[in-house]
Amino acid sequence: MRTIEWDSSRKFVMIIDQRSLPGRFERIPIRSAPKMIHAIKTMTIRGAPALGVATAFGMALAAFRCKTRDERSLAQAVIDIGIELMNVRPTAVNMRWAYQRIKSVCYIGFGSADKLRLAILTEAQNIADEDVQTNLAMAKYGSALIVDGDTIIHHCNTGALAAVEWGTALGCIRMAHEQGKRVHVLVDETRPLLQGSRLTAWELMQYRIPFEIICDGAAGYFLSNGKVQRVMFGADRVAANGDVANKIGTYPLALAAWTNKVPVISVCPSSSIDLTILDGKQIPIEQRDPDEVLRLSVDHQGIAPRDAKALNPAFDVTPNRYVDSIVTEKGVVKQPYGRNLLRILATEG
Ligand code: MRU
């Protein structure tokens, strides 16, 4: 089942509601672009590749809800909503990438508003279908880096829920498991919204992959006692020099892994690589509601003194020197990233 898909008979989008997992598995309709913006803001849908697809389908929703018969007005309305959509979560560059793909379609000129609507939907659907193929290709390359018997620390949720199907880092782990390799996962709970313990643990149970959940702060303990062979996570944006922006807590995890000589693997589609940004310092870091830190996400129960303040950056940047490999659908990239990312982006496939 796909995390996000277009319902062609009813012309709206169905998504898995990631706020209700693991307690309840529910698919909900998203009927308009403003509703998609809300779903992205509240992380009802989340994960960089899924957010790219949500942006594209959000623009398609805008195209079908806008009743104008004038092609140029329609194109402008869709582009305007695309800008709003991609700015909801500024770190995940897949949103800008998807916006640009749909924007290019808006500029072609089909001769009628209805033809443009169909072309936008086709492109959004292509982005969703390609995501599945891209993830499978990453899983093929990434699973080859996993050795029978590995214990892997995994951060955040990078599975099928974070994409259309399969996912990035978790997709590699799942493929290694399906190849018959014995893998064991230590799931970082991933504060503050617990994507690890709520979502990754839920997915691992579906795939019957053995795991334990650990507190984010426990990763150093496990890395230092020699029980972990690999650290794997995704990426929301990779700068031209290989610096990786990913869920908050990735940087200290990579640092602890590097110190303990455990290879760090970041898995992401080439659409997460942003060559317009030279290094990680230029990557915008989303700042979220402090309440996510001050209260337990699910039932909103307070876990800090009343009136306490909190800071809530959603992502951090791991300098490239701590990253052993970046796995993309085009292959595995190693240092020096400045040269090798450029090279891999220029390759076909
Ligand atoms: O805030 P989230 O849950 O959208 O953050 C997700 C991550 O950080 C993932 O690791 C990342 O999007 C890439 S993997 C699909």
Side-chain angles (χ1 to χ4, degrees), residues 3-4 15-19 21 39-55 86 88-98 131-132 134-136 138-139 142 152-174 185 187-203 216 231-238 244-254 264-274 280 283-289 292-293 297 312-318 323 326-329:
T3 296
I4 174 166
I15 63 170
I16 295 174
D17 181 353
Q18 302 196 34
R19 304 272 307 185
L21 282 169
I40 294 171
K41 207 175 271 173
T42 55
M43 294 181 38
T44 311
I45 184 153
R46 46 146 299 280
L51 290 172
V53 177
T55 303
M86 76 168 173
V88 178
R89 300 204 59 198
T91 308
V93 74
N94 299 63
M95 300 178 80
R96 187 184 76 196
W97 169 84
D131 184 72
V132 181
T134 298
N135 288 345
L136 280 168
M138 286 189 291
I152 302 163
I153 294 187
H154 174 277
H155 195 63
C156 197
N157 172 265
T158 67
L161 290 168
V164 176
E165 271 181 8
W166 276 91
T168 61
L170 205 61
C172 302
I173 294 172
R174 180 178 163 192
V185 185
V187 176
D188 258 1
E189 61 175 351
T190 318
R191 279 282 294 152
L193 289 180
L194 305 175
Q195 290 93 326
S197 50
R198 289 190 306 110
L199 306 176
T200 299
W202 181 80
E203 283 199 44
D216 297 357
V231 164
M232 295 183 77
F233 47 77
D236 281 75
R237 191 185 301 222
V238 176
V244 173
N246 191 54
K247 176 52 52 196
I248 195 75
T250 302
Y251 170 43
L253 172 63
V264 169
I265 301 168
S266 171
V267 186
C268 66
S270 54
S271 51
S272 302
I273 300 170
D274 184 0
I283 298 177
I285 299 296
E286 175 186 359
Q287 304 292 323
R288 293 186 59 86
D289 187 347
E292 292 178 349
V293 177
S297 57
N312 188 12
F315 300 96
D316 59 23
V317 174
T318 301
V323 181
I326 297 177
V327 177
T328 75
E329 76 279 17

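All heavy atoms count here, side chains included; hydrogens, waters and symmetry mates do not. Atoms within each ligand, like the ligands themselves, are counted from 1 in listed order.
Close approach to Ala48 involves these atoms of ligand 1, each under 4.0 Å from a residue heavy atom: 12 (O). Listed by number with element, the atoms of ligand 1 under 4.0 Å from a non-hydrogen atom of Asn246 are 7 (C), 8 (O), 9 (C), 10 (O), 11 (C), 13 (C).
Residue contacts with ligand 1, taken as heavy atom pairs separated by less than 4.0 Å, involve Phe315 solely via side-chain atoms from C-beta onward. In Ser272, neither the side chain nor the backbone holds a heavy atom less than 4.0 Å from any atom of ligand 1. By the criterion of a heavy-atom distance under 4.0 Å, both the backbone and the side chain of Lys247 are placed next to ligand 1. With a heavy-atom cut-off of 4.0 Å, His155 does not touch ligand 1 at all.
Among the atoms of Asp236, some N or O lies under 3.5 angstrom from an N or O of ligand 1. Taking only nitrogen or oxygen atoms, main chain and side chain alike, Asn157 does not reach within less than 3.5 Å of ligand 1. Considering backbone and side-chain N/O of Arg46, one or more are found under 3.5 Å from N/O of ligand 1. Considering both main-chain and side-chain atoms, Leu51 never comes within under 3.5 Å of ligand 1 through any nitrogen or oxygen pair.
Across all their heavy atoms, Asp274 and Arg96 have their closest contact at OD1-NH2, 3.0 Å.
Among residues at least two apart or in separate chains, salt bridge (Lys or Arg N to Asp or Glu O under 4.0 Å) pairs with a member in residues 157-167 are Arg2-Glu165.
The heavy atom nearest to atom 13 (C) of ligand 1, out of those in Ala235, Pro269, Pro49, is found in Ala235.
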Side-chain donor-acceptor pairs under 3.5 Å in residues 153-162, sequence neighbours left out?
from   : atom 1 : to     : atom 2 : distance (Å)
His154 : ND1    : Cys156 : O      : 3.3
His154 : NE2    : Thr158 : OG1    : 2.7
His155 : ND1    : Asp188 : OD2    : 2.8
His155 : NE2    : Ile248 : O      : 2.9
Asn157 : OD1    : Arg46  : NH1    : 3.2
Asn157 : OD1    : Gly159 : N      : 3.4
Asn157 : ND2    : Thr200 : OG1    : 3.2
Asn157 : ND2    : Glu203 : OE2    : 3.3
Thr158 : OG1    : Ala169 : N      : 3.4
Thr158 : OG1    : Leu170 : N      : 2.8

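Under 4.0 Å is where a charged nitrogen must lie from a carboxylate oxygen, and between Arg89 and Asp236 no such pair does.
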